[in-house]
Amino acid sequence: MLDIKVIREDPERVRAGALKKHFPARAEAVDRLLALDAELRGLLPRIEQMRAEQKQAGKRLAGLSPEQREAVLEQQKALKAELQSLEAREKELQVGVREQQLLIPQVPDPEVPEGKDDQANTEVRRVGDATQPTFEVRAHDDFATARGWLDVERAAAMAGSRNYMLFGDLVLLQDAVLRLAVDHMVAKGFVPVDPPLLVRDNIMEGTGFFPGGEEQTYRCEVDGLNLIGTAEVPVTSIHGGEILGEAELPKLYVGRSMCFRREAGTYGRDTKGLYRVHQFQKVEQVIIDVADEGRSRAHHEAIVRNAEEVLQMLELPYRVVNVCGGDLGVPQAFKYDIECWMPSRQAFGETHSASRFYDYQARRLGIRYRPADGGKPLHCHTLNNTVLASPRILIPMLEVHQRADGRLHVPTALRPYLGGRDRL
RNA sequence: GGAGAGGUGGCAGAGUGGCUGAAUGCACCACCUUGCUAAGGUGGCGUGGGCGUAAGCUCACCGGGGGUUCGAAUCCCCCCCUCUCCGCCA
């Protein structure tokens, strides 16, 4: 969430930010917040004064008093009754302020393009050769099914649509790309994490997925737990509620986990193949560092490069796009997507998403650090980016590396993970 | 699942109804001392909010939420977590 002081100082900027992200309803939360906040601040001095009075009288009463005690007690009771009604209102206001504050989105950075949806994203750079080969490339799912590597029908029969089963070499290939991604990040000093997949509501809230993302989340109601949609959730929350030392920062983590998404409201979109599915595996990089915009920006560029390096090792053509306002999530200030070339679509398809949040998540989660000079604790900055998500990454793998003979080319960097094989 | 014990400031650890926002130690910050990456001395040092140009004043917070009381870290209830023992299962 945003610092309430920031909202008070420049509500117009915050409101404009919400509108740039195409969240008109959330923009209105700014006004509701300010109204509640104003009432609360009007009430607080009165309440505080009464509490101070109560405290003082109580202390005097402690020492000694024969029957004078009775009179004071009467007064105290009257004071208490009045105070209680004011406190009830205070409580309401505080809850209301928090509710509205959670709804208010992070303000997008100035260089975020205007726009309603991904059509308005702007290309930053394009890497690799996306030209079509001479033979006719089969769509990834047709190809994989023909090879006996994929069965969507049987998966759907037991689990519904948007499910899949992988078999044989495709399972091994998936493990290989995931492991390559983890190894790449570990070599860069990231600590690998195998996190909980089921988390409490407050963790979903802290990372900005709740409120708002409930529909996309599988929930285990009897236990009050939610299946994570990304390792970002538990990994960013590792230091929730803590005050770190500046010397410990930055924290570099690479989470590897299953991810689950309901994909509600996406009926009819991307129904074919492995593009949009309910469960997948993802390697995710997370950085927690000091509150410095320049450093956040530098980290952001670095984590995009990390993902690009993996794609280059996988010999996949891709482009990096600057995500427009309407395509940004609630907590993000800026986001790059990486899109891999997908021959069957004759288009680039999103495979990665790199976000910076500044202190938005850290404020919600209570991740702070004590500056080296010993000053007051500050909220950290957080960032994250996909390193690799499968099976979506298998789409370009199966199409770009498909060969005329019906076999699959194995990129050099991947061969050590597949027993040295160069074709599958 | 059953039975106990416990959750206090960055950490360790006192505190069982008002004198406690909280002893003490460590860590940390500032200054001083000291002939050398050690040791010592003095002072400071929880977090968040409100009011104030400021100095400062004030309120809340001792796992979370309710309650008792004029007054709760301290008493009662519910929940969460940790540890130990038993059971169960892998």
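Nothing here was measured: the structure is a model prediction, and the numbers come from that model. Just so we're on the same page: letters track the sequence lines, and every chain starts at 1.
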(request) In sequence, state the C-alpha distance, the side-chain angles, and the governing distance for A/E399 and A/S344, and then conclude on side chain to side chain donor-acceptor pair (under 3.5 Å). (result) CA-CA 7 Å; A/E399 296 180 355; A/S344 66; 2.7 Å; yes
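Summary of the strand contacts: A/K376 and A/R41 both lie near RNA chain B, and taking for each the nucleotide with the nearest heavy atom, the more 5' one is attributed to A/K376.
Candidate nucleotides B/rC81, B/rG49, B/rG10 were compared by shortest atom distance to the side chain of A/I243, and B/rG10 ranks first. Closest approach to the A/K5 side chain among B/rC80, B/rC70, B/rG50 is made by B/rG50 (side chain taken as heavy atoms from C-beta onward). Closest contact between the side chain of A/R51 and the listed nucleotides B/rG50, B/rC70, B/rC59 involves B/rC59.
Between the NZ atom of A/K91 and the P atom of B/rC59 there is a distance of 20 Å, given to the nearest Å. A/Y369 has its OH atom 16 Å from the P atom of B/rC29, to the nearest Å.
When heavy atoms are screened at a 4.0 angstrom cut-off, A/R8 is found touching the sugar-phosphate backbone but no base atom. The residue A/K80 sits close to a base: some heavy atom pair falls under 4.0 Å.
Pair assignment for B/rC57 gives B/rG50, based on Watson-Crick or G-U wobble hydrogen-bonding distances that are each under 3.5 Å. Nucleotide B/rC45 forms no Watson-Crick or G-U wobble pair with any nucleotide shown, as no partner meets the under 3.5 Å limit on both distances.
For the OP1/OP2 pair of B/rG50 and a distance below 4.0 Å, the side-chain nitrogens and oxygens of A/R46 include no atom meeting the criterion.
Judged by the 6.0 Å and 45° rule, A/R392 forms no cation-pi pair with A/F280. Remark: A/R179 fails to qualify as a cation-pi partner of A/Y417 under the 6.0 Å distance and 45° angle criteria applied to the six-membered ring.
For the P atoms, the distance linking B/rA23 with B/rG4 amounts to 34 Å, nearest Å. Rounded to a whole angstrom, the distance from the C1' atom of B/rA90 to that of B/rC79 is 29 Å.
For the pair A/C220 and A/N226, the minimum side-chain heavy-atom distance is 4.5 Å or more.
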